[in-house]
Number of protein chains: 2
Amino acid sequence: MATGRTHRPATRSRGIPEATVARLPLYLRALTALSERSVPTVSSEELAAAAGVNSAKLRKDFSYLGSYGTRGVGYDVEYLVYQISRELGLTQDWPVVIVGIGNLGAALANYGGFASRGFRVAALIDADPAMAGKPVAGIPVQHTDDLEKIIDDNGVSIGVIATPAGAAQQVCDRLVAAGVTSILNFAPTVLSVPEGVDVRKVDLSIELQILAFHEQRKAGEEAAADGAGPVAAARKKSADKGPDGDVPAVMPA
Amino acid sequence: MATGRTHRPATRSRGIPEATVARLPLYLRALTALSERSVPTVSSEELAAAAGVNSAKLRKDFSYLGSYGTRGVGYDVEYLVYQISRELGLTQDWPVVIVGIGNLGAALANYGGFASRGFRVAALIDADPAMAGKPVAGIPVQHTDDLEKIIDDNGVSIGVIATPAGAAQQVCDRLVAAGVTSILNFAPTVLSVPEGVDVRKVDLSIELQILAFHEQRKAGEEAAADGAGPVAAARKKSADKGPDGDVPAVMPA
DNA sequence: AGCTGTGAAAACCTTCACAGCG
DNA sequence: CGCTGTGAAGGTTTTCACAGCT
């Protein structure tokens, strides 16, 4: 998923598999909810259900962190919250900058989930001089000219790019040069970064296209088998251009 | 069996691996850029670089679609654009509804990438009566009460949830009952859906947490070899099961 | 008895390396 | 020759199933 230019295998003895790392935040969220309800312990089965995974996977994931459970009982909720938080590095404060304060950037600045877990929006940066000084989510927008200084003054190592695609690589280069080593990219473009810099991307359009693929597949199966769907299969797409004519006409030229 | 409904792709009939499907939009974007520059053909090496993957992977991916290249030459850009679009189901029109028109929902409604590829924002829906009728991105917001009718009238099969976490499952249930079979979820919660419904989630907080994990790991390695990095909030890395001055008392029953 | 932790098996994905075709 | 298409190898992730602890 992450598009690091040269991703290291990282198969260290102490290495936690990437797939596991990606699920830890999910477990943490479920555990936090249990914690708020003052639930003292939880079994792998229950926690897995809350996180939307199966219990064998969860136990395997936890086994990479250590032996934090009690056989016959389950896991201590508070203790696990702490261990996972520590493993993810959330026991420290991460100042973050958001570059590109358009609709999306503003929405991100306002997003509560950012602040809730160790992340602090240290600065908002935009290239439009007209925006400079204007507060968004209570934080004054600063101009791109000062990007390097802002990064440096705040000790920022994580940057969020929410600019238009055309500006993203340039912004990325400046962030990296200024010392940022992790980037969350919302611009629909592939960023190239030097080794050692992590990039994760979020692309709304790509997610929709993946859904469309499966949606199309479902429609095709429905036409072939008719009424086999467990859910509202009786439904028909109105904007379709002919479900029957949509048969794969695979034909290389 | 557990009640968890993790969607099982099942890989039926014309099985394209999930990992490949997830990359097709990436290739498509790179190809579209080439097409706009009137580039007639492209090699796997070039296209792979533009999409940020390696060429062997790209060729393997394309091999699942068919033999669309020409040995010694490469791929015909226009032809590939068409084939991938068709495979992804983008040659048809997908009406989409966005539920929850807060900061994020409004940003999504304004996001150009939606409209660009077969997706059309058919309606915006919000629970706040004060928003009803107010146009966002040129589309009037409608009230949640009319959700079912809106889905039905527009033949919507893809829904986007941008509500607060607390409302997400309820909205999801109504969307599914009304006939939606693909959901893109921005709310930080696990949705449970019946079999046959696809859910993809986008969680900003999770992405940041994954970055924080790697960032922390980098900081730790740096400390071992010195480096004078900009961010030096070095945390003590305890050994495997080092139960020293940890947070609350470990309290096994 | 109940539930975790984990080897082993299975499934899935990526990379290699080269045959085969234009 | 150059580049695609693909078996085979190698790596990662998931699932199984049960030993082992409480």
Side-chain angles (χ1 to χ4, degrees), chain A residues 1-13 15-24 26-27 31 39-49 51-77 79-80 83 250 252-253, chain B residues 1-2 4 6-12 15-24 26-27 31 40-49 51-77 79-80 83 210 240-241 250-253:
Chain A
M1 312 317 198
T3 52
R5 196 54 331 130
T6 26
H7 213 227
R8 193 182 355 173
T11 321
R12 301 251 167 118
S13 45
I16 300 177
E18 192 56 35
T20 294
V21 172
R23 281 187 295 267
L24 291 181
L26 229 54
Y27 301 144
L31 284 164
V39 176
T41 61
V42 67
S43 70
S44 64
E45 201 74 52
E46 293 166 321
L47 184 53
V53 303
N54 78 39
S55 64
K57 196 187 284 184
L58 179 143
R59 287 199 303 278
K60 189 58 133 186
D61 283 342
F62 286 178
S63 79
Y64 294 116
L65 308 185
S67 283
Y68 295 151
T70 307
R71 290 167 203 240
V73 178
Y75 301 92
D76 181 277
V77 171
Y79 186 61
L80 245 196
Q83 290 300 344
V250 185
Chain B
M1 202 38 214
T6 350
H7 69 296
R8 205 64 276 277
T11 323
R12 293 193 45 100
I16 298 177
E18 193 55 35
T20 294
V21 171
R23 282 187 295 266
L24 291 181
L26 230 54
Y27 301 144
L31 284 164
T41 61
V42 66
S43 70
S44 65
E45 202 73 52
E46 294 166 321
L47 185 53
V53 303
N54 78 39
S55 63
K57 197 187 284 185
L58 178 142
R59 287 199 303 277
K60 190 61 133 183
D61 283 342
F62 285 178
S63 79
Y64 294 114
L65 308 184
S67 284
Y68 293 152
T70 306
R71 289 166 203 242
V73 179
Y75 301 92
D76 181 276
V77 171
Y79 186 62
L80 245 197
Q83 289 300 343
I210 296 170
D240 251 65
K241 320 168 178 189
V250 190
M251 45 121 355

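Just so we're clear, the structure is a prediction, and the values are computed from it rather than from any experiment.
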Review point. Ignoring hydrogens and angles, are the base of dT4(C) and the side chain of Arg71(A) linked by a donor-acceptor pair under 3.5 Å?
Key: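 Yes.
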Within this structure, what is the [atom1]-to-[atom2] distance between [X] and [N], rounded to whole angstrom?
X	N	atom1	atom2	answer
Tyr75(B)	dG2(D)	OH	C1'	13 Å
Lys60(A)	dC18(D)	NZ	P	15 Å
Ile16(A)	dT12(D)	CD1	P	15 Å
Leu58(B)	dC13(C)	CG	C1'	15 Å
Asp76(A)	dT22(D)	CG	P	16 Å
Arg23(B)	dC13(C)	CZ	P	9 Å
Glu46(A)	dT4(C)	CD	C1'	14 Å
Leu47(B)	dG5(D)	CG	P	12 Å

**Study point:** Partner set under side chain to side chain contact (heavy atoms under 4.5 Å, CB included) for Ser44(A), not counting sequence neighbours
**Key:**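 With neighbours one apart ignored, the set is Ser55(A), Leu58(A), Arg59(A), Tyr75(A).
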State whether [X] places a side-chain N or O below 4.0 Å from either non-bridging phosphate oxygen (OP1 or OP2) of [N].
X	N	result
Tyr68(A)	dC3(C)	no
Ser44(B)	dT4(D)	yes
Arg59(B)	dC16(C)	no
Tyr64(A)	dT12(D)	no
Asn54(A)	dT14(D)	no

To the side chain of [X], which of [options] is closest?
X	options	result
Ala19(A)	dT14(D), dT22(D), dT4(D)	dT14(D)
Lys57(A)	dC16(D), dT14(C), dT14(D)	dT14(D)
Pro17(A)	dT14(C), dT4(D), dT13(D)	dT13(D)
Ser63(A)	dT4(D), dT6(D), dG5(C)	dG5(C)
Thr70(A)	dT22(D), dG22(C), dT15(D)	dT22(D)

Exercise for review: Write down the atom of Leu65(B), the atom of Leu24(B), and the distance for their closest heavy-atom approach.
Suggested key: CD1-CD2, 4.1 Å
Check your understanding: Less than 4.5 Å apart, any side-chain heavy atom of Asp61(A) and any of Val53(A)?
Key -> no
Practice item. Run the ring-centre check on Tyr68(A) versus Phe62(A) and record whether the distance is less than 6.0 Å. Key: no
Check your understanding: Which residue, Thr20(A) or Gly72(A), contacts DNA chain D at a nucleotide closer to its 5' end, judged by nearest heavy atom?
Key ->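 It is Thr20(A) whose nearest nucleotide is closer to the 5' end.
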Exercise for review: Quick one: pull up CD1 in Ile16(A) and CZ in Arg23(A) and give me the separation to the nearest 0.5 Å.
Suggested key: 12.0 Å
